[in-house]
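If you read the sequence from its start, that first residue is 1, and numbering goes on from there.
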Amino acid sequence: MLEFMQRLVRRDRREDGASAVEYGLLVAAIAAIIVVIVFAIGKFVKAGFAHTCDGLSGGDYGTYAAGDKCPTG
């Protein structure tokens with residue numbers, strides 16, 4: 001019985017590294033998903049700001065004179 005318990009304890013110790021790797025992979029996957037979402041939403045946000053800037057540059061609002069284009073990039 002003692003030998004059986006020692007085998008169980010040794011087996012648990014060997015799996016600690018595997019769970020650390022699994023957590024690392026999980027964190028990497030979450031980070032990759034966040035990066036993809038930020039880049040996808042970034043296009044919409046940039047388009048929204050460009051639309052607002054174009055609307056403001058048509059009148060005497062802000063620092064852009066009539067006919068000036070908004071900075072891009």
Side-chain angles (χ1 to χ4, degrees):
M1 182 70 175
L2 181 61
E3 185 180 338
F4 177 72
M5 294 298 281
Q6 288 175 346
R7 284 183 190 173
L8 286 177
V9 170
R10 276 188 244 137
R11 191 179 76 145
D12 281 345
R13 289 182 186 161
R14 284 185 268 150
E15 290 182 3
D16 286 343
S19 44
V21 171
E22 291 168 357
Y23 282 123
L25 290 173
L26 187 63
V27 168
I30 291 171
I33 290 170
I34 290 172
V35 167
V36 168
I37 290 172
V38 166
F39 276 108
I41 291 175
K43 292 178 183 180
F44 296 112
V45 171
K46 184 176 179 180
F49 279 117
H51 179 69
T52 303
C53 185
D54 290 339
L56 292 176
S57 66
D60 290 332
Y61 308 107
T63 59
Y64 297 106
D68 285 351
K69 291 190 175 184
C70 294
T72 57

**Q** Hydrophobic clusters here meaning ILVMFWY residues chained together by side-chain heavy-atom distances under 4.5 Å, can you tell me if Val36 and Phe44 are in one?
**A** no
**Q** Partners of Ile37 by side chain to side chain contact (heavy atoms under 4.5 Å, CB included), sequence neighbours excluded?
**A** Ile33, Ile41
**Q** Of all residues at least two apart in sequence or in a different chain, which pass the side chain to side chain contact (heavy atoms under 4.5 Å, CB included) check with Leu25?
**A** Val21
